[in-house]
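Taking it in order: structure first as C-alpha cells, then the write-up.
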Amino acid sequence: MTAGTSPDHRTRTRSRLGRVARQVLRTPAYLSIAIIVLVALVGPFLVRDPLGFHGGTLTAPSAEFWFGTDQFGRDIFARVVHAARLDLWVGLIAAALAVVVGMPLGALGAYRGGAFDALLLRVSESFQAFPTLLLALGIVAALGPSIPILIMVIAMVNVPVYLRLTRSAVKPLVDSDFVLAARCAGKSQATILRRHILPNVSEIVFAQFSVNVAWAIQILAALSFVGLGVKLPTAEWGAMVRDGIDYMYYGQWWISLFPGLAILATVLTLNYLSDEIRHGQRGSIGSR
Amino acid sequence: MHLAVYVLRRLAYMLVALFGVSLVAFVVTRLLPGNPAYMIVGVMADESTVIAVTERLGLNLPIHEQYFRYIQQLASGDLGDSWRTRNPVTTDIGARWPATIELGSAALVLALAWSIPLGIVSALRRRSFSDRLANALSGFGVSIPEFFLGMILLLVFFATLEWAPPALGRTLGDVPPHTTGFYTVDAILAGDWEAFKAAAVQMILPAVTLAVTVGAPMVRVTRGFMRETMASHHIRSARALGVPERSIVLRHALPNVLLPVSTMGAIMYGYLLGGTVLVEFVFARPGIGKYAIDSISESDFAPVLAAVLLSALSYLLVYLIMDILHFVIDPRTRT
C-alpha cells in the first residue's frame, strides 16, 4: 500500500475492520474462540505457577482458588489456563500436519486416478477400519509419550479424513472446463493442482479443519486420560480429569470437573465454528 | 453386477484391509518396550532361561519372520498367549467380548431410540423447539469426551443421588449360569430376576454415556437426509397429488432416509463392538477395550494385536453386511 492512502480508502478499511469486529461479537462461535485463544496466549502470564504448592490440598473452589486445589495443593485454575495453551497447540499443529499431508495426496489421487488413486483409497480404508484410539495408544506406548510423538500420532490418524475429503471434492473438478483449459495452456500438473484446483476446495477443508482441531484435542485428552499422553505433572486437560477420578465420587468433584468442562467448551466452540464457517461461506466476513 | 461377484469383491477388499491392519498393528506391538520373556520368567531368572524363552517365543527372529509365524498361527485360529493373564488370548477374549457386545447392543438401541426420532422431527419443523433441542443435544454429544460424560453421570447418579450402583464391573450380584455369556440374557434364561437386575443396573450408565456420544452424530445425519428428502421432487409430487402429510412422512420420505441412516447405525455398531476403551475404563467393565488398554500398558503383545484385529474385523464385517444389504435392496448401487 502506498504512503498517501486516500482518506476514502482509510475509512473503507476501518469500516471493514469494524464489520469484522461486529461480526465476531455477534457470532457466539467467533466470540468464544477469540476468548479461548486469548486465554491460551495471555492467561499463563497472569496465573499462579501450575506446578507449585499453594497451600492447602483438596480445598474447594473459593475466592482465592477459583477452581479449588488438587491433591498436591496445586491451583486448578492456573493448571486449566496453562493446559489451554498446550491443548490448543497440539490440536492446531496436529490438524495442520494432517492437512499438509492429506490434502495434496487426496487431490493428487483424484487428479491422476488409476492405480495410485486405488492404492490411496485402500490404504485409507484400512486406516478407517483401525480402532483410532487403540492405534494411537499402541504407537505412543511403543515410542514413548512425548509431545512431538503425540502430535505425530494424532496427525497420522487425521490424515485419512483430509485425504478422502479432498479427493471427493476434487474428483468432480478434474474434468471441468477450467481445468481442461489450464491443461491446454500447457500448465504443469503441480501448477494446475495448486493454482486452479486446491483453491476451489480450500473452504471445505477449512471448515473441516476446525472440527479436526477439536478431534485432535479430544484424542490428546483421551490418551492422557488413560495415562499414555503427556507426562506428569504437565498440566493437560485430559490428564487433569484423570488426576481427580479417585476423588470425584467422594466429594472432591472440582479436580476433574473444571478441566473436563474446559475440553467440552473448547471442542464445542470449534465444532460450532466449523458450522459457522460452512454457513458463512456465502457472505459475512470478508465477503467478496 | 451379479451379487456373488459383488460379495466376492467386497470380501477381497476386506481381507486386504485386515491384512494391512494386522501388519501395522504387528509392527507397532513389536516396538513396545520391554522383552516379554522377562515378564514371563521374572527379573530374577538367569540369562540362559531368558534366552530359551525368547527363542521359544520366536522373538530372536527377524521381524518379517515373526510376522509370518503370527499369520500362520492366526490362520489356525490361534491368537497367541497373554503372559499377563497366562491364558490363551482366545480364552480371555471369549470371556470378555460378551461384556462388550452386551453393552454395545444396549447402547446402540438407546442411541437409535433418541437420535432418529429427534432428527426426523427437527427436520420437519425447522427452528422449532425440537430443532433447537436437536441442535443443542447433538452439539453437546459430539463435543463431550466419553470419559468425562461417564464420570459426570457417576458423580450425579452414584455419588450424589445414590440411584446408581458403583462402577465395579458387570454385576454386583450373582453371576448367572453361563449360556450365552451375556449376563442379562443368561439371567433371564435361568429365570433369575435378581441377577438380571444386578447386571442390568451396571449397564445403564455406561450405555447412556455411549448412547449420547454415538447418537449425537446420528441426529445430524438423520436431519440432513430428512431435509434433503422432504425437498425432493417425489415428495413435491406426492403433495401435489394430495397425499396426507402423515403418509408423506411415513410412507414416502422415511424409507429413503432409513437407508443411509441404517448405514450410519451399522458403522456405529461396528465401532461399539470393537470395544469402547474409554467407557469400559471409566466403568471398570471387563470388556475388549479394557483388556486392550490393560495389555498395552504392560507390553502384552498378543492381546493388543488380537483386540485391534477384532475391532477392525467387527467394523469391516458390519460394513460389509450393510453394503450387501444395500446391494440387494437398492438397485441404484448395482451399477
Side-chain angles (χ1 to χ4, degrees), chain A residues 121-144 153 211 214-215 217-228 237-238 241-242 244-245 247-253 256-257 259-272 275, chain B residues 13-14 16-21 23-25 27-33 135 138-140 142-149 151-152 154-155 158-160 166-167 267 270-271 274-278 281-282 288-289 292-293 295-299 304-305 307-308 310-316 319:
Chain A
L121 214 58
R122 287 290 94 74
V123 170
S124 79
E125 247 171 37
S126 283
F127 263 92
Q128 211 181 349
F130 235 110
T132 310
L133 194 63
L134 277 184
L135 174 67
L137 279 170
I139 298 176
V140 173
L143 302 179
V153 168
V211 172
W215 197 37
I217 291 175
Q218 278 177 312
I219 300 174
L220 175 68
L223 288 173
S224 302
F225 178 76
V226 296
L228 279 165
W237 291 331
V241 174
R242 172 64 183 275
I245 193 166
Y247 300 91
M248 184 94 166
Y249 316 128
Y250 304 100
Q252 284 96 11
W253 44 267
S256 294
L257 185 75
L261 288 178
I263 305 174
L264 176 60
T266 309
V267 172
L268 199 61
T269 299
L270 286 164
N271 283 338
Y272 274 114
D275 289 349
Chain B
Y13 283 168
M14 191 177 110
V16 171
L18 265 184
F19 181 75
V21 167
L23 186 64
V24 173
V27 172
V28 168
T29 51
R30 282 306 179 271
L31 291 173
L32 284 177
N135 236 334
S138 65
F140 173 81
V142 169
S143 303
I144 192 162
E146 274 171 4
F147 59 86
F148 185 55
L149 180 59
M151 287 173 66
I152 295 290
L154 278 172
L155 175 67
F158 159 65
T160 313
I267 294 173
Y271 159 74
T276 45
V277 178
L278 297 169
F281 182 84
V282 169
I288 295 295
I293 190 148
S295 305
I296 284 181
S297 48
E298 298 198 44
S299 297
V304 180
L305 260 173
V308 168
L310 211 59
S311 189
L313 183 68
S314 50
Y315 177 88
L316 291 168
Y319 211 75

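Only this structure's heavy atoms are used, side chains among them; waters, hydrogens and symmetry mates stay out. Chain identifiers are assigned alphabetically (A, B, ...) following the order of the sequence lines, protein sequences preceding nucleic acid strands; residue numbering begins at 1 within each chain.
For B/Tyr271, there are no ring pair (Phe, Tyr, Trp, His ring centres under 6.0 Å) partners, not counting sequence neighbours. Looking at residues two or more places apart in sequence or on another chain, you find a side-chain contact (heavy atoms from CB on, under 4.5 Å) between B/Leu23 and B/Tyr67.
Highest contact tally toward chain B, considering only A/Ile245, A/Thr269, A/Leu270, is held by A/Ile245 [criterion: heavy-atom pairs under 4.5 Å]. Heavy-atom pairs under 4.5 Å with chain A peak, among B/Val142, B/Leu313, B/Val304, at B/Val142.
Of the atoms belonging to A/Leu268, heavy atoms from both backbone and side chain fall under 4.5 Å from chain B. Of the two parts of A/Leu134, the backbone and the side chain both hold a non-hydrogen atom closer than 4.5 Å to a non-hydrogen atom of chain B. Using a 4.5 Å cut-off between heavy atoms, A/Ala214 makes no contact with chain B at all. The part of B/Leu316 that comes within reach of chain A is its side chain, from C-beta onward, which places non-hydrogen atoms under 4.5 angstrom from that chain.
The shortest heavy-atom contact between B/Val24 and A/Leu135 is CG1-CD1, 4.2 Å. A pairwise comparison of heavy atoms in A/Asn271 and B/Ser143 identifies ND2-OG, 3.1 Å as the closest pair.
At a threshold of 4.5 Å between non-hydrogen side-chain atoms, the residues A/Val241 and B/Phe147 count as touching. Within the 4.5 Å cutoff, no side-chain heavy atoms of B/Ile296 are placed close to those of A/Val226. A/Met248 is not listed as a side-chain neighbour of B/Leu154, based on a closest heavy-atom distance of 4.5 Å or more. At least one side-chain heavy atom of A/Arg242 sits under 4.5 Å from a side-chain heavy atom of B/Phe281. At least one side-chain heavy atom of B/Val282 sits under 4.5 Å from a side-chain heavy atom of A/Phe225.
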Show the numbers, then the answer: is there a side-chain contact (heavy atoms from CB on, under 4.5 Å) between B/Ile152 and A/Leu257? CA-CA 8 Å; B/Ile152 295 290; A/Leu257 185 75; 3.4 Å; yes

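Atoms CZ and CG, on B/Phe148 and A/Leu261 in that order, are 4.5 Å from each other to the nearest 0.5 Å.
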